[in-house]
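Written out below as structure tokens is the structure these notes cover.
Proteins come first, then strands; the chains are lettered A, B, ... in the order of their sequence lines, and each starts at number 1. Worth saying up front: this structure is predicted, and the values here are computed from it rather than measured.
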Protein chains: 2
Amino acid sequence: MREIAKECDILAGSVYYHFKSKDEIITEILNLGIERVTDSVVTALAQIEGNASFRNCLHAAVRAHLQAFHVYGDYTATHLRNFKQAPPDVQLACKKARDDYENIWIGILERGRKDRALLPDIDLGLQRLLLIGSMNWTLEWFHPQGKYTLDELADSVVRMFMDGCAVRAEAD
Amino acid sequence: MREIAKECDILAGSVYYHFKSKDEIITEILNLGIERVTDSVVTALAQIEGNASFRNCLHAAVRAHLQAFHVYGDYTATHLRNFKQAPPDVQLACKKARDDYENIWIGILERGRKDRALLPDIDLGLQRLLLIGSMNWTLEWFHPQGKYTLDELADSVVRMFMDGCAVRAEAD
DNA sequence: GTCTATAGGATGATAGAC
DNA sequence: GTCTATCATCCTATAGAC
């Protein structure tokens with residue numbers, strides 16, 4: 001609380017005029033994090049043409065998700081890093097926003113299946129969690145100014161999810 | 001420190017007979033975490049036959065990595081969850097063990113390329129980080145007693161990494 | 001809306017007895 | 001090897017003045 005107050009050039013006690021408790025601050029930060037990444041993905045999807053392929057939609061969503069915490073998003077990065085460690089009632093207060101965001105991804109992948117762009121025999125729930133996991137874990141190692149650009153990262157994520165890395169038998 | 005001591009049925013001050021500081025305890029826990037997952041993967045790779053395919057090797061390593069923090073591994077899970085937030089000198093004290101473990105995965109994927117099992121034009125460094133990320137993030141959502149078994153999880157990870165989820169054009 | 005002042009408790013760590 | 005006792009500092013939060 002003292003550090004937060006200092007950043008605002010006030011003293012610790014004064015923060016309690018704006019927020020009832022530390023947990024209320026955390027709740028607001030975590031919810032802002034989900035709102036930002038939701039906005040980022042929704043906006044990206046709205047900007048592509050109506051007849052874009054599933055692959056292009058997926059690519060736009062992946063890029064927007066990654067951008068949300070690597071380029072703009074302190075709130076989103078904080079959400080990803082700290083949600084699991086937050087107190088139970090704080091986690092509960094984020095549930096709706098998290099579910100809404102999850103449903104966006106469920107919708108994206110379901111569309112892929114409907115378009116026959118995704119294999120019919122895979123578990124979309126499991127694949128979705130692995131896809132999002134591969135993106136979220138980039139918080140641990142990716143730096144936008146480093147060896148790879150964010151666009152290269154997004155390309156690789158889509159490519160691994162869609163095509164994999166294996167050499168296919170030529171007789172396929 | 002008081003909680004750690006309680007778990008050992010001693011008092012907080014007595015812990016300092018065994019460890020110089022809290023950071024020394026953290027360092028030891030984090031290093032144990034890497035040692036355990038390293039052992040798990042090395043053992044799994046040693047147990048498969050010498051002429052096993054790259055895909056089988058990868059599968060064994062993936063399964064061992066996931067087992068290390070979902071079945072046995074409190075130390076490994078703690079490492080994954082807390083390394084990034086640990087003090088700089090603690091992180092430094094884990095560097096060697098982490099590099100050694102990373103090199104195991106680099107070796108696995110390089111073998112895949114040498115065997116022509118992996119596409120020649122992908123960046124193995126980037127793919128490795130995405131693969132490991134998709135596994136490590138399962139800490140956030142996977143429960144061994146839940147909807148999916150650990151074996152199903154391992155299968156899905158390998159399948160996404162190798163084959164992807166996209167329907168391939170039949171004319172390929 | 002911010003301040004001063006402080007309550008009430010937790011924290012990491014130490015000194016010296018046993 | 002563990003204890004008692006404690007230091008010095010940190011923390012979240014509150015009450016009341018300005």
In this structure, how many angstroms lie between the C1' atom of D/dT2 and the NZ atom of B/Lys6, rounded? 18 Å

A/Ile25 CD1 to D/dC11 P, straight-line distance once rounded to whole Å: 14 Å

Between the side chain of B/Glu152 and the main-chain N/O of B/Thr149, is any donor-acceptor distance below 3.5 Å? yes

Aromatic A/Phe54 / basic A/Arg116 pairing, under 6.0 angstrom, 45° off normal: no

Check this for me, if you would: do A/Arg55 and A/Asp163 make a salt bridge, where the nitrogen-to-carboxylate-oxygen distance has to be below 4.0 angstrom? yes

Closer than 4.0 Å, any side-chain N/O of A/Tyr16 to the OP1 or OP2 of D/dT14? no

Output the rounded distance in Å from NZ (B/Lys20) to P (C/dT14). 11 Å

Distance, rounded to the nearest Å, where B/Phe19 contributes CZ and D/dG1 contributes C1': 14 Å

Scan for side-chain hydrogen bond (donor to acceptor under 3.5 Å, both in side chains) pairs involving residues 125-137 of chain B, sequence neighbours excluded, and state none if there are none. B/His65-B/Asn136, B/Glu102-B/Arg128

Is a side-chain donor or acceptor of B/Asp115 paired with a backbone partner of B/Ala117 at a separation under 3.5 angstrom? no

Nearest of D/dT6, C/dC3, D/dC3 to any side-chain atom of B/Arg2? D/dT6

Looking at A/Tyr17, I'd like to know whether one of its side-chain N or O atoms comes within less than 4.0 Å of OP1 or OP2 on C/dT2. no

What does the inter-axis angle of the helix from C/dG1-D/dC18 to C/dC18-D/dG1 come out as, five pairs per end, nearest 10 degrees? 10°

The side chain of A/Ile10 lies closest to which of these nucleotides: D/dA13, C/dA13, C/dC3? C/dC3

Look at the side chain of A/Ser40 and the backbone N and O of A/Arg36, then say whether any donor-acceptor pair between them is shorter than 3.5 Å. no

Tell me which nucleotide among D/dT4, C/dG12, D/dG1 gets nearest to the side chain of B/Leu11. D/dT4

Please report, rounded to the nearest Å, how far the P atom of C/dG9 is from the CE atom of A/Met1. 19 Å

Any sub-3.5 Å donor-acceptor pair from B/Asn56's side-chain atoms to B/Ala52's backbone N or O? no

Determine: side-chain N/O of B/Ser14 to OP1/OP2 of D/dC3, distance under 4.0 Å, yes or no. yes

Under 4.0 Å, heavy atom to any atom of DNA chain D: which of residues 86-94 of chain B qualify? none

Taking 4.0 angstrom as the limit, do A/Arg159 and A/Asp155 come out as a salt bridge? no

Geometric class of the A/Phe83/A/His79 ring pair [parallel <30°, tilted 30-60°, perpendicular >60°]: parallel

